[in-house]
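Here the structure comes first, spelled out in structure tokens, and everything after it is commentary.
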Amino acid sequence: LAFDAAGQRIWEQSISESGLIPITACESALLVPTGLGKLIVLDPESGERLRELEIGDTLGFGVESDGELVVAANGARKLQLWELRSGRRIWSQDIEALPSAAPTLHEGQVFIPIQGKGVTAYRSESGEECFRMAVQATIEARPAGNSTHLLIAGDRGRIRAYPASAWEQR
């Protein structure tokens, strides 16, 4: 269901697929992962289904979008980058273990936290791995970043900030 600022229902979309995972919103779309390896892309104004992306396997941690690209990691240890408007898959990359949280897009890179390993980054344009960083904590949320730091939320409520020099386009 979508509501306006006054609380009035704008539209409703029925999604019968089981195992819905949190919706990701960006300016141009609502991204609804299913437990069945699909990502349903909805128009945020009308609720119309724009397309379905076949991600494969389960999407246990959700997806991320910057409004142009969509990144998702599935239960088959595949990291994928998609073009949002066309639905074209740009690349797919095997990852070494299951993710511990959703991937994120930042500064031309895709960051994915890997269970028991740390964070691995891939170049958005090619899918080429550009670095790995061991983190001595369980990563419990998708990484976030700004122009100066990469932020990682770990276990025991700790947030770690790593300077851009640690991860910039290596």
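Any value given below was found using the heavy atoms of this structure, including those in side chains, with hydrogens, waters and symmetry copies removed.
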(request) Working to the nearest 0.5 Å, report the span between CZ of Arg123 and CD of Gln109. (result) 6.5 Å
(message) For a quick test of reading the model, state the closest non-hydrogen atom pair linking Gly67 to Ser28 and the distance between them.
(response) O-OG, 3.3 Å
(message) Within this structure, what is the CD1-CG distance for the pair Ile95 and Leu79, rounded to the nearest 0.5 Å?
(response) 6.0 Å
(request) Find the distance between CH2 (Trp82) and CD (Glu54) and round it off to the nearest 0.5 Å. (result) 7.5 Å
(message) Are Ile55 and Lys38 packed together at the side-chain level, in the sense that at least one heavy-atom pair is separated by less than 4.5 angstrom?
(response) no
(message) With a 4.5 Å cut-off on side-chain heavy atoms, are Glu68 and Leu84 touching?
(response) no
(request) Count the heavy atoms belonging to other residues, nucleotides or ligands that lie under 6.0 Å from CD of Glu12, then report whether that count exceeds 12. (result) yes
(request) Look at the side chain of Trp11 and the backbone N and O of Pro44, then say whether any donor-acceptor pair between them is shorter than 3.5 Å. (result) yes
(request) Check for a donor-acceptor pair, side chain of Asn74 on one end and backbone N or O of Gly56 on the other, with a separation under 3.5 Å. (result) yes
(request) Hey, could you give me the CD1/OG distance between Ile112 and Ser100, rounded to the nearest 0.5 Å? (result) 7.5 Å
(message) Counting C-beta onward and ignoring hydrogens, is there a side-chain heavy-atom pair between His149 and Tyr162 closer than 4.5 Å?
(response) no
(message) When you compare the side chain of Thr104 with that of Val110, does any pair of heavy atoms fall below 4.5 Å?
(response) no
(message) For Ser124, is there any backbone N or O sitting under 3.5 Å from a side-chain donor or acceptor partner on Trp91?
(response) yes
(message) I'd like to know whether Arg132 forms a side chain to side chain contact (heavy atoms under 4.5 Å, CB included) with Lys117, so could you lay out the CA-CA distance, the side-chain angles of the two residues, the decisive distance to 0.1 Å, and finally the verdict.
(response) CA-CA 9 Å; Arg132 292 178 188 216; Lys117 303 286 184 183; over 6 Å; no
(message) Give me the atom names and distance for the closest heavy-atom approach of Val119 to Ile152.
(response) CG2-CD1, 3.6 Å
(request) Tell me whether Val71 is reachable from Ile23 by hopping between hydrophobic residues (I, L, V, M, F, W, Y) whose side-chain heavy atoms are closer than 4.5 Å. (result) no
(message) Counting C-beta onward and ignoring hydrogens, is there a side-chain heavy-atom pair between Glu48 and Leu42 closer than 4.5 Å?
(response) no
(message) Please tell me whether Leu98 and Ile114 are part of a single hydrophobic cluster in this structure, the criterion being side-chain heavy atoms less than 4.5 Å apart.
(response) no
(message) Let me confirm one number: the CD1-CZ distance from Ile139 to Arg160, rounded to the nearest 0.5 Å.
(response) 8.5 Å
(message) I'd like to know if Leu105 and Phe111 are part of one continuous hydrophobic network [Ile/Leu/Val/Met/Phe/Trp/Tyr, side-chain heavy atoms within less than 4.5 Å].
(response) no
(message) Just verifying a value: how many Å separate Leu50 CG and Leu30 CG, rounded to the nearest 0.5 Å?
(response) 9.0 Å
(message) Check Arg77 with Glu96, please: is the shortest side-chain N to carboxylate O separation under 4.0 Å?
(response) no
(request) Using a 4.5 Å cut-off on heavy atoms from C-beta on, say whether the side chain of Ile90 contacts that of Leu69. (result) yes
(message) Working note: Val70 + Leu81, criterion side chain to side chain contact (heavy atoms under 4.5 Å, CB included); need CA distance, chi angles, decisive distance, verdict.
(response) CA-CA 6 Å; Val70 176; Leu81 188 72; over 6 Å; no
(request) Determine the minimum heavy-atom distance between Pro103 and Pro113, stating which atoms define it. (result) CA-CD, 4.5 Å
(request) Ignoring hydrogens and angles, tell me if any N or O in the side chain of Arg49 forms a donor-acceptor pair with the backbone of Asp43 under 3.5 Å. (result) no
(request) Give a yes or no answer on whether the side chain of Glu52 reaches the backbone of Ile40 with a donor-acceptor pair at less than 3.5 Å. (result) no
(message) Using a 3.5 Å distance criterion without hydrogens, assess whether the side chain of Thr24 forms a donor-acceptor pair with backbone atoms of Glu64.
(response) no
(request) Answer yes or no: are there more than 12 heavy-atom neighbours, outside Glu45 itself, under 6.0 Å from its atom CD? (result) no
(request) Considering non-hydrogen atoms only, spot the tightest contact between Ala141 and Ala101 and give its length. (result) C-CB, 3.4 Å
(request) Without swapping roles, check the side chain of Gln93 against the backbone of Gly127 for a donor-acceptor pair under 3.5 Å. (result) yes
(message) Quick check on Arg85: does its CZ atom have over 12 non-hydrogen neighbours (other residues, nucleotides or ligands) under 6.0 Å away?
(response) no
